[in-house]
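In what follows, a single structure is set out as structure tokens and then discussed.
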Amino acid sequence: MLKGKSAVITGGVRGIGKAIAEEFCRQGADVLLCYRSNEEAAKKTAEELKQYGTRVELIKGDVADPAHAEEAAKLAKELFGKIDILVNNAGITKDKLMMRMTPTDFDEVIKANLNGSFYFLNAVAPVMIKQKGGRIINISSIVGVRGNAGQVNYSASKAGIIGMTLSAAKELGKRGITVNAVAPGYIETDMTEVLTDDQKSAMLGAISLGRAGKASDVAKAVAFFASEGAAYITGQVLAVDGGMAM
Ligand code: NDP
């Protein structure tokens, strides 16, 4: 259980981030949810999560802006007095075959997914160091391990997140902070809704469990890394992909 814990979750109002927020609140944690633009989803999610009786706070900003990460860390500290858990979940895709991918397509995805995760890590780690403990969970992707045609930018960002996870785990371990990554496979959210039927059935065909994942499947794995039971686990990348990347 996460009773009495406080968490910062980027991209926490939709899709996988929302499912993580719900799992954390269900387990008794207070959450600060960061979102970029979708006011409607932010308000709706905050309203829905009230049922769990924990604190649900919102902050709007772009994870690609380091000032937003600093602001979010400061706000969480003011609101909750501490930050026990950081989940770097916000992410985007801009899929195109590499020969058609422009430098802007590449930069935008790297900035949101990789730089954004670094900015939050960089802003929250000092708070956790002072507390002498914390849990950082970065959302990567199996595409960061295996690659995927049409996702040179996205797979580079997600592979970068794995490298960052391992290095940060080495730097922060002696401070009582664990850093792990979750690498989802094909999860049904707005992000994958835009894929063609052919792309979806090709992915489904490669999944041992024979179904797409749910956002809640990922949330359970993230909650495990945040839990007491994972106190001695750091620098790990856990695939939550129904056996897609075996
Ligand atoms: P969604 O597109 O459903 O949600 C993405 C979330 O990230 C939204 O809340 C969005 O905010 C936020 N976000 C995106 N860019 C920024 C930004 N620049 N600044 C702040 N917030 C931002 O995606 P998923 O829930 O599917 O994905 C969540 C994470 O899981 C991502 O990192 C993704 O790469 C990863 N993942 C997803 C997989 C899948 O199959 N769905 C598979 C593997 C990994 P807003 O609502 O305001 O736009």
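As the structure lists them, so they are numbered: ligands from 1, and atoms in each ligand from 1. Predicted model, so just to flag it, every value in this text is computed and none were measured. For reference, positions follow the sequence shown, starting with 1.
By the 4.5 Å heavy-atom criterion applied to side chains, V31 and E57 are not counted as neighbours. With a 4.5 Å cut-off on side-chain heavy atoms, V127 and K82 do not count as touching. Counting only heavy atoms from C-beta outward, the side chains of Y52 and E22 approach each other to under 4.5 Å. Using a 4.5 Å cut-off on side-chain heavy atoms (C-beta onward), F80 and R55 make contact.
Close N/O approach between I92 and ligand 1 is not found [any backbone or side-chain N/O within under 3.5 Å]. Note: no N/O pair closer than 3.5 Å links S141 and ligand 1 by distance alone. No N or O atom of T192 sits closer than 3.5 Å to an N or O atom of ligand 1. In terms of polar-atom proximity, R36 is counted as a contact of ligand 1, with an N or O under 3.5 Å from an N or O of the ligand. Considering both main-chain and side-chain atoms, Y35 never comes within under 3.5 Å of ligand 1 through any nitrogen or oxygen pair.
The nearest heavy-atom contact from the protein to atom 13 (N) of ligand 1 is A90 CB, 3.8 Å. In terms of protein heavy-atom proximity, atom 26 (O) of ligand 1 is nearest to T189 OG1, 2.5 Å. If you check which protein heavy atom lies closest to atom 46 (O) of ligand 1, you get R14 NE, 2.7 Å. The nearest protein atom to atom 47 (O) of ligand 1, hydrogens excluded, is given as S37 N, 2.7 Å; this is a heavy-atom distance. Protein heavy atom nearest atom 12 (C) of ligand 1, with residue, atom name and distance: G11 CA, 3.7 Å. At the top of the distance list for atom 19 (N) of ligand 1, counting protein heavy atoms only, stands V63 N, 2.9 Å. From the protein, the heavy atom lying nearest to atom 30 (O) of ligand 1 is I139 CG2, 3.4 Å. Closest protein heavy atom to atom 31 (C) of ligand 1: N89 O, 3.1 Å.
Atoms of ligand 1 lying under 4.0 Å from any heavy atom of D62, numbered from 1 in the order shown and given with element: 17 (C), 18 (N), 19 (N). Atoms of ligand 1 lying under 4.0 Å from at least one heavy atom of G61, given by number and element, are 19 (N), 20 (C). With ligand atoms numbered from 1 in the order given, ligand 1 contributes 46 (O), 47 (O) to contacts under 4.0 Å with heavy atoms of N38.
T104 and D107 share no donor-acceptor pair across their side chains, judged by distance under 3.5 Å alone. Checking N88 against N138 by side-chain atom types alone, a donor-acceptor pair falls below 3.5 Å.
In this structure, A183 has no heavy atom closer than 4.0 Å to ligand 1. Contact between K18 and ligand 1 is absent, with no heavy atom of the residue lying under 4.0 Å from the ligand. Remark: distances from the non-hydrogen atoms of A41 to ligand 1 are all 4.0 Å or more. Taking 4.0 Å as the cut-off, T10 does not count as a neighbour of ligand 1 on heavy-atom distance. Residue S140 places a heavy atom less than 4.0 Å from ligand 1.
In this structure, the side chain of N148 does not engage the main chain of Q151 through any donor-acceptor pair within 3.5 Å. For S157 (side chain) and V109 (main-chain N/O), no donor-acceptor pair under 3.5 Å exists by modelled atom type. The closest donor-acceptor contact from the side chain of T192 to the backbone of T189 lies under 3.5 Å.
K214 and E188 are not joined by a salt bridge, as no carboxylate oxygen comes within less than 4.0 angstrom of a charged side-chain nitrogen.
Heavy atoms from other residues, nucleotides or ligands lying under 6.0 Å from NZ of K18 number more than 12. Environment of CD in E78: crowded, with over 12 heavy atoms of neighbouring residues, nucleotides or ligands closer than 6.0 Å.
Nearest to atom 37 (C) of ligand 1 by heavy-atom distance, out of V13, I16, I187, is I16.
Tested against L33 for a side chain to side chain contact (heavy atoms under 4.5 Å, CB included), the candidates V8, I9, I20 yield a single pass: I9.
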